[in-house]
Enquirer: 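Pasting a structure here, questions to come.
These values consider heavy atoms only, across backbone and side chains, with no hydrogens, waters or symmetry-generated copies. In what follows, chains carry the letters A, B, and so on, assigned in the order in which the sequence lines appear, proteins first and then strands, with residues in each chain numbered from 1. These figures come from a predicted structure and were not determined experimentally.
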2 protein chains.
Amino acid sequence: MLFLREEELRLAQDMLFFAYRDFTHAADEVLDGLELGRAHHRALHFIARMPGMSVSDLLSILGITKQSLSRVLTTLIEQGYVVQAPGRVDRRQRLLSLTAKGAALERQLFERQRDLLLRAYRDAGSTAVEGFRRVLRALTDETGQAHLAAMEAAARELRARSA
Amino acid sequence: MLFLREEELRLAQDMLFFAYRDFTHAADEVLDGLELGRAHHRALHFIARMPGMSVSDLLSILGITKQSLSRVLTTLIEQGYVVQAPGRVDRRQRLLSLTAKGAALERQLFERQRDLLLRAYRDAGSTAVEGFRRVLRALTDETGQAHLAAMEAAARELRARSA
DNA sequence: CAGTTTAAGGCAGCTTCATTGACTTAACAA
DNA sequence: TTGTTAAGTCAATGAAGCTGCCTTAAACTG
């Protein structure tokens, strides 16, 4: 009984490894041709999710150091994917957003992963999808859950603004 | 409608990022004290899952190059976590397995992630867990699914042998 | 206003984990 | 015997993270 339970958990470790790997791999193929890596993709993704976010917000979400982000962000800005604008309320901040070129690349990367996800969701069914989300959310710590809530709020706001 | 759907998928991207990060982070704390990294953990994990596997099996599962694995494996062997034994049927192979010390470390790493998973499974409920597994499996490509099947078969065999 | 804190960024050096390409050795298989 | 396969090695390289320390400009606070 305990044995079966442990096997289930070990299998979950396996599955997380393979699924995450294949999922990120989908975008890698696009990135490879552009001299960009996964770190650039992650930055693009979250800037797309919350346009106008500050550098420190992004740092907190990615959980890396300022110096690590710096390299990535410098490249993205130099190559015209991302722009910075001083904050209106706090002018020390440099608020990040995507250029048209950046948005186009982000969409291309998104679509690769979207196709994978859509196929998986379709194969697994809507009940399974709901469960998938519940477990993923429960696996995420408090900080991560706060970030997730911020993502959802930002998406709602974008939707309201564009409507 | 399409808009909502896309938001759901983007949120899934977010969640996979945060959940995977927190999940691997659980084991990192143990590894840090031992001068070992995630790459060592991955090797330990899969050797524990399929004791007696060949080097090329492990290469195929991890999806890295021989040289990358070589560094990791050399460390694990030198520090007494892993042993190699020539294959009985094909003596070119060096079959990998954990020492008692390796098994103890792997268990310690497993237990960190197990606790996280158990809490998440408990919070999410058994229906959600079933869905979680279905989606993860569907996200995994054919190669990965073959590896998953091999894991399950190896676990069944271990269980039968120890019974 | 003076002093402190904060947001962003830069410099230098380091570590981990991956890559490629070319090569060797030993064992298997035709 | 010849060719292939399993494993390992060398040298060089790249991607992505890290630490510690310092600067600038803006904001906050007494």
Side-chain angles (χ1 to χ4, degrees), chain A residues 17 20-21 24-25 27-47 52-79 82-97, chain B residues 17 20-21 24-25 27-47 52-79 82-97:
Chain A
F17 171 74
Y20 192 76
R21 208 157 69 73
T24 53
H25 182 71
D28 285 348
E29 293 166 358
V30 177
L31 293 163
D32 277 352
L34 295 170
E35 312 251 294
L36 299 174
R38 288 183 193 174
H40 302 95
H41 183 194
R42 285 195 288 271
L44 281 176
H45 169 80
F46 285 113
I47 296 172
M53 83 191 322
S54 71
V55 172
S56 55
D57 285 346
L58 185 53
L59 277 175
S60 154
I61 288 169
L62 294 175
I64 59 178
T65 59
K66 210 168 22 160
Q67 291 69 19
S68 297
L69 179 57
S70 169
R71 229 180 319 102
V72 169
L73 221 43
T74 300
T75 308
L76 290 174
I77 290 169
E78 280 177 356
Q79 303 196 1
V82 168
V83 283
Q84 291 177 315
R88 293 132 310 165
V89 47
D90 183 340
R91 283 180 309 167
R92 291 172 304 177
Q93 296 182 329
R94 317 239 180 131
L95 306 183
L96 302 166
S97 51
Chain B
F17 171 73
Y20 192 77
R21 210 157 68 75
T24 53
H25 182 72
D28 285 348
E29 293 167 356
V30 177
L31 294 164
D32 277 351
L34 296 170
E35 313 251 295
L36 299 175
R38 287 184 194 174
H40 302 95
H41 183 195
R42 285 194 289 271
L44 279 176
H45 168 80
F46 285 112
I47 295 173
M53 83 192 321
S54 71
V55 171
S56 55
D57 285 347
L58 185 52
L59 277 175
S60 153
I61 287 169
L62 295 175
I64 59 178
T65 58
K66 209 167 24 160
Q67 291 70 17
S68 297
L69 179 58
S70 168
R71 230 181 322 101
V72 169
L73 221 42
T74 300
T75 307
L76 290 174
I77 291 169
E78 280 177 356
Q79 302 196 1
V82 168
V83 283
Q84 291 176 316
R88 293 131 310 166
V89 47
D90 182 342
R91 283 180 309 166
R92 290 173 304 179
Q93 295 182 329
R94 317 241 180 131
L95 307 182
L96 302 166
S97 51

Enquirer: Quick one: pull up NE2 in His45(B) and CZ in Arg42(B) and give me the separation to the nearest 0.5 Å.
Expert: 11.0 Å
Enquirer: Indicate the atoms forming the closest heavy-atom contact of Val72(A) with Ala43(A), along with that distance.
Expert: CG1-CB, 4.1 Å
Enquirer: CG of Leu58(B) versus C1' of dA6(D): gap in Å, rounded?
Expert: 14 Å
Enquirer: Does a nitrogen or oxygen in the side chain of Gln84(B) sit under 4.0 Å from OP1 or OP2 of dA7(D)?
Expert: no
Enquirer: To the nearest angstrom, how far is Asp32(B) atom CG from dT19(D) atom P?
Expert: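 From Asp32(B) CG to dT19(D) P: 11 Å.
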Enquirer: It should be established whether Ser56(B) places a side-chain nitrogen or oxygen under 4.0 Å from OP1 or OP2 of nucleotide dA7(D).
Expert: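 Answer is yes, contact under 4.0 Å.
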Enquirer: Using whole Å, what does the distance between atom P of nucleotide dG14(D) and atom CG of Asp28(A) come to?
Expert: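 From Asp28(A) CG to dG14(D) P: 18 Å.
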Enquirer: For the pair made of CD in Gln93(A) and C1' in dA8(C), what is the distance, rounded to whole Å?
Expert: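 From Gln93(A) CD to dA8(C) C1': 10 Å.
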Enquirer: Measure CG/Leu36(A) against P/dA15(D) and give the value in whole Å, please.
Expert: 10 Å
Enquirer: Using a 3.5 Å distance criterion without hydrogens, assess whether the side chain of Ser70(A) forms a donor-acceptor pair with backbone atoms of Lys66(A).
Expert: no
Enquirer: If we fit an axis to the first five pairs and another to the last five of the helix from dC1(C)-dG30(D) to dA30(C)-dT1(D), what angle do they make, to the nearest 10°?
Expert: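 Rounded to the nearest 10 degrees, the bend comes out at 30°.
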Enquirer: Starting at NE2 of His41(B), measure out to CG of Leu36(B) and round the result to the nearest 0.5 Å.
Expert: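 Atom-to-atom, His41(B):NE2 and Leu36(B):CG are 10.5 Å apart.
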Enquirer: Could you check Glu35(A) against Arg88(A) and say which one's nearest nucleotide on DNA chain D is further toward the 5' end?
Expert: Glu35(A)
Enquirer: Assess whether atom CD of Glu29(A) is packed by more than 12 heavy atoms of other residues, nucleotides or ligands within 6.0 Å.
Expert: yes
Enquirer: With a 4.0 Å limit, can you tell me whether Arg91(A) has a side-chain N or O closer than that to the phosphate oxygens OP1/OP2 of dT24(D)?
Expert: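 Answer is no, no contact under 4.0 Å.
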Enquirer: By a strict heavy-atom criterion of less than 4.0 Å, which residues belonging to residues 62-79 of chain B are in contact with DNA chain C?
Expert: Gly63(B), Ile64(B), Thr65(B), Gln67(B), Ser68(B), Arg71(B)
Enquirer: Nearest whole angstrom, please: distance from the C1' of dG17(D) to the CG of Leu59(A).
Expert: 13 Å
Enquirer: Starting at CG of Leu95(A) and ending at P of dA26(D), how long is that distance when rounded to a whole Å?
Expert: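 After rounding, the reported distance stands at 14 Å.
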Enquirer: To the nearest 0.5 Å, what is the distance between CG (Leu34(A)) and NE2 (His40(A))?
Expert: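 Reported to 0.5 Å precision, the distance equals 10.5 Å.
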Enquirer: Calculate, to the nearest 0.5 Å, the distance between atoms CD1 and CG belonging to Ile47(A) and Leu96(A) respectively.
Expert: 4.5 Å
Enquirer: Taking all atoms of both residues into account, what is the closest heavy-atom pair of Phe17(A) and Ile61(B), and its distance?
Expert: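 Shortest heavy-atom contact: CE2-O, 3.7 Å.
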Enquirer: Test your reading of the model: is there a side-chain donor-acceptor pair from Ser68(B) to the backbone of Ile64(B), 3.5 Å cut-off?
Expert: no
Enquirer: Looking at dG8(D), I'd like to know if its phosphate oxygens (OP1 or OP2) sit under 4.0 Å from a side-chain N or O belonging to Arg94(B).
Expert: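 So the side-chain polar atoms of Arg94(B) do come within 4.0 Å of the phosphate oxygens OP1 or OP2 of dG8(D), strictly under.
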Enquirer: Mind calculating the distance between CG (Asp90(B)) and P (dA6(D)) to the nearest angstrom?
Expert: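 To the nearest whole Å, that distance equals 7 Å.
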